[in-house]
Participant: 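This is the structure, below, for whatever I ask next.
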Amino acid sequence: MHINSFAILSTVLFFSPISIGQVSLEMEPIEAHSTITDITLYQDRASVTRTATLDLQTGGYTLFFRDLPSSAYLDSVQASVGKQAALLSVDTSSRPRVKDNSDIIKEISAEIENVEQVINNLNAKQDALALQVTMLKTLIEQASNEKEGQVDLDHLENQIDFIGSKMTTLTIEQTENSNTIKDLKQKLQNLNRRKQNLSSDRGTQLNAVVDIGVKQAGTIQVQLTYLVNNASWLPTYSIRANNAGDNITVEYDAQIWQRTGENWTDVSMTLSTAQPQRSTTPPMPSPWFVDVFVPPPPADSRRMRVGARGGSGDEMYYSKNKEQVDAIESMPMMESELAIVETASASATVNNDGPAVSFTLPRTITVPSNREEKQTTSLGAFETEANMFHIAVPMFTDATFIRSKVTNTSDYILLPGKASIFHGSDYVGKTSLPTIAPNETFSLNLGIDPVVTATRVLLEKESASTGLFGSGKQTLYEYRITISNGHDEGIEVHVRDRYPVSRNEEIEVTLNNLSSPLSTDKRYVDSEKPMGLLRWDLNIPANSTGDASFVLNWEVEIARGNDVKMTPLPE
């Protein structure tokens, strides 16, 4: 400790701006009595800020911030002070904390003995109740074995009433007694565990020691900040589409949990994607050598050991990938309490100027420590228009799927996370969102449309000989897809199918007689169409059902020589 022996160059700071010599500044030790006011929560840890507000006179002070949590990274501890004071040093200390728990252990031991005695008495009572039940059963057996002529009906009725009433009472007592024993055994287990924990209570007290020099008397605010483990947050979403699927509301939430050992009560919070204490050194490759392979000499069987390594092949040297570089970008949190509901319900402030993204909540929140369940808080919500269409894949299913193209019109980067999807009042299911930047478009599946169907039928499959003297063979497939739209308005349907792609010049495949042209979408034309995937972008009129359903036809022709054995074709 360095409470009374701290010497510094303090004349410049406090007393005489023209003095040159060194002086010794007497440091007065005081307790900080700080409270946790600000949290920056990362996805694997948190930055905690304690604030102490003190009325101090001019001079030097050593402030003690007591009982930092055991999950704190001591090398991350830093402090800051207002303009009326100067920060002189920040240090940490740890010391064994051995509590005298003998009195408490004595009380718990006495309570354990008392509970054990009660359990023994209840077990004896349980045995007595069981004996009474056995005796009643014996009476019942005796009564049932009596001869009919010897039976006194009035006496028998009285016996039945007595036995029934007594059996009911005994059964209730047995149940209550059994439940009491069960509860007491659980209590006994908890008492023994508590006694064991107190007997081994040899923790360590972590403290931060901050030296400051006060230049002007008054109210001084000192903040201590440190990183802790066992805290995290994850983004979650609720995505709600109207019945038409052309208006989407995205609710952006955060699931928060912490087991740091400190309760966060009424704190200002920023959620960040930065990764503090990750490596700041870029990974560098090490040399990679190749050489002519030289077989190893035969191993001496007399010197071989179980598990010994044999000869090596081409030599290769490489370094393992290190962690990527991540910068820390966090935004200051609001210092004043929020006075009105409108402000508290506002969306989080977003800062995405650097490689990390942070969300500053407009309200203070409370997050207890050591909670198993996650706490959900709202970051904000936004509405956006969407382009809804249907997807039909009738080669696999008659059902059609509703999909919307959604644009992120908010200032938020939508981070990877789970999303619950609602279409109208119906819960559709869950999906996973990737990272979606502002103004980026993404697809959203809204479930199955029960009044739109697409059915695929193979109308004909015909094989015939072709060429001079029947030297070739040709197979013709004719398909039909029927699309039924039960809506009162027209819909857009993207129909998906496929046809064979030849990988040999001796096999020729052609697509013929399409009743509707294929899609002209650039991505489809460039990457999917060459692979034999078919896509039609169709507008299906309203109430196209029954004989009025939309019909799509096409043919596939496969030609090859008679001597060409072709791989099997799916129907």
Side-chain angles (χ1 to χ4, degrees), residues 387-405 443 445-449 451-485 490-541 544-571:
N387 176 29
M388 191 189 80
F389 55 93
H390 290 65
I391 293 181
V393 193
M395 63 179 296
F396 295 127
T397 176
D398 294 347
T400 62
F401 300 82
I402 307 171
R403 177 175 291 180
S404 281
K405 284 287 187 180
S443 296
N445 294 316
L446 300 177
I448 293 174
D449 191 334
V451 298
V452 179
T453 59
T455 305
R456 177 183 189 257
V457 177
L458 175 61
L459 297 178
E460 184 179 5
K461 176 183 177 182
E462 181 181 3
S463 296
S465 298
T466 61
L468 187 62
F469 306 116
S471 59
K473 187 176 182 180
Q474 175 180 288
T475 304
L476 178 68
Y477 295 83
E478 184 179 352
Y479 295 97
R480 172 177 293 171
I481 292 177
T482 303
I483 303 172
S484 174
N485 173 23
I491 59 173
E492 180 182 352
V493 180
H494 296 182
V495 181
R496 297 279 188 163
D497 214 298
R498 66 184 180 186
Y499 75 103
V501 176
S502 174
R503 292 188 171 180
N504 192 293
E505 60 182 9
E506 296 187 44
I507 302 173
E508 182 180 352
V509 180
T510 56
L511 186 65
N512 302 318
N513 299 326
L514 282 75
S515 60
S516 296
L518 293 173
S519 172
T520 57
D521 179 81
K522 185 176 186 306
R523 179 179 177 182
Y524 165 71
V525 172
D526 292 344
S527 60
E528 298 180 12
K529 188 177 180 180
M531 301 297 294
L533 299 177
L534 302 176
R535 169 179 160 182
W536 291 269
D537 298 341
L538 305 173
N539 292 311
I540 309 300
S544 300
T545 60
D547 293 338
S549 297
F550 186 92
V551 176
L552 175 65
N553 293 294
W554 82 96
E555 296 177 357
V556 177
E557 183 181 292
I558 305 174
R560 67 274 189 197
N562 276 334
D563 57 345
V564 175
K565 186 176 181 180
M566 191 172 60
T567 56
L569 290 171
E571 295 298 331

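Because only heavy atoms are used, hydrogens play no part in the values below, and waters and symmetry mates are left out as well, while side chains stay in.
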Participant: Is the closest side-chain heavy-atom distance between V556 and Y479 below 4.5 Å?
Facilitator: yes
Participant: For E557, enumerate each residue passing the side-chain contact (heavy atoms from CB on, under 4.5 Å) test, keeping only those at least two apart in sequence or located in another chain.
Facilitator: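 Partners of E557 by the side-chain contact (heavy atoms from CB on, under 4.5 Å) criterion, ordered by chain and then number, come out as Q474, L476, T510, N512.
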Participant: Kindly state each residue pair satisfying ring pair (Phe, Tyr, Trp, His ring centres under 6.0 Å) with at least one member in residues 518-539, sequence neighbours excluded.
Facilitator: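 Every pair satisfying ring pair (Phe, Tyr, Trp, His ring centres under 6.0 Å) with a residue in residues 518-539: W536-W554.
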Participant: With respect to E478, which candidate in E555, K461, E462 satisfies the side-chain contact (heavy atoms from CB on, under 4.5 Å) definition?
Facilitator: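 Among E555, K461, E462, the one meeting side-chain contact (heavy atoms from CB on, under 4.5 Å) with E478 is E555.
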Participant: List the atom of S404, the atom of L446, and the distance in Å for their closest heavy-atom pair.
Facilitator: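 Taking every non-hydrogen atom into account, OG-CD1, 3.6 Å.
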Participant: Enter the distance from S549:OG to I483:CD1 here, rounded to the nearest 0.5 Å.
Facilitator: 9.0 Å
Participant: Calculate, to the nearest 0.5 Å, the distance between atoms CG and CZ belonging to N387 and R403 respectively.
Facilitator: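 Rounded to the nearest 0.5 Å, the CG-CZ separation comes out at 12.0 Å.
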Participant: According to ring pair (Phe, Tyr, Trp, His ring centres under 6.0 Å), who are the partners of F389, at least two apart in sequence or on a separate chain?
Facilitator: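 Per chain and number, F389 pairs via ring pair (Phe, Tyr, Trp, His ring centres under 6.0 Å) with H494.
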Participant: With sequence neighbours excluded, what pairs up with R535 under the salt bridge (charged side-chain N to carboxylate O under 4.0 Å, His left out) test?
Facilitator: D521, D537
Participant: Tell me, please, which residues at least two apart from D497 pass side chain to side chain donor-acceptor pair (under 3.5 Å).
Facilitator: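 D497 satisfies side chain to side chain donor-acceptor pair (under 3.5 Å) with R456 only.
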Participant: Atom CG of L534 and atom CZ of R498: how far apart are they, to the nearest 0.5 Å?
Facilitator: 10.0 Å
Participant: Scan for salt bridge (Lys or Arg N to Asp or Glu O under 4.0 Å) pairs involving residues 505-515, sequence neighbours excluded, and state none if there are none.
Facilitator: none
Participant: Just verifying a value: how many Å separate N504 CG and T567 OG1, rounded to the nearest 0.5 Å?
Facilitator: 10.0 Å
Participant: Would you mind telling me which of L514, I481, N513, L459 makes a side-chain contact (heavy atoms from CB on, under 4.5 Å) with N553?
Facilitator: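 Looking at L514, I481, N513, L459, the match for N553 under the side-chain contact (heavy atoms from CB on, under 4.5 Å) is L459.
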Participant: Say whether S465 and K473, considering side chains only, have a donor N or O and an acceptor N or O under 3.5 Å apart.
Facilitator: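 K473 and S465 do not have a side-chain donor-acceptor pair below 3.5 Å.
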Participant: Atom OG1 in T453, atom CG in D398: separation rounded to 0.5 Å?
Facilitator: 6.5 Å
Participant: Would you say that R560 contacts T475 through its side chain, given a criterion of any heavy-atom pair below 4.5 Å between the two side chains?
Facilitator: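 A side-chain contact exists here, since the closest heavy-atom pair is under 4.5 Å.
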Participant: Start with the C-alpha gap between V457 and T482, add the side-chain angles, then the distance that decides, and say whether side-chain contact (heavy atoms from CB on, under 4.5 Å) holds.
Facilitator: CA-CA 8 Å; V457 177; T482 303; over 6 Å; no
Participant: Between I402 and M388, does a side-chain contact (heavy atoms from CB on, under 4.5 Å) hold up when you go through it step by step?
Facilitator: CA-CA 7 Å; I402 307 171; M388 191 189 80; 3.5 Å; yes
Participant: Is T545 close to S484 at the side-chain level, that is, under 4.5 Å between some pair of heavy atoms?
Facilitator: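 Side-chain contact under 4.5 Å: yes.
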Participant: Kindly give the heavy-atom pair with the smallest separation between A454 and T400, and that separation in Å.
Facilitator: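 Heavy-atom minimum between the residues: N-CG2, 4.1 Å.
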Participant: Taking all heavy atoms of P500 and all of V509, pick out the closest pair and write down the distance.
Facilitator: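 Minimum heavy-atom contact is O-CG1, 3.3 Å.
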Participant: Please name the pair of heavy atoms, one in I540 and one in N485, separated by the smallest distance, quoted to 0.1 Å.
Facilitator: O-ND2, 3.5 Å
Participant: Measure across K405 and S443 and return the closest heavy-atom pair with its distance rounded to 0.1 Å.
Facilitator: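 Heavy atoms of K405 and S443 come nearest at NZ-OG, 3.0 Å.
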Participant: Could you tell me whether the side chain of S516 and the main chain of L552 form a donor-acceptor pair under 3.5 Å?
Facilitator: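 Flag not set: sc S516 to bb L552 has no pair under 3.5 Å.
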Participant: Could you report the tightest heavy-atom contact between S515 and V551, atom names first, then the distance?
Facilitator: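 Looks like OG-O, 4.0 Å.
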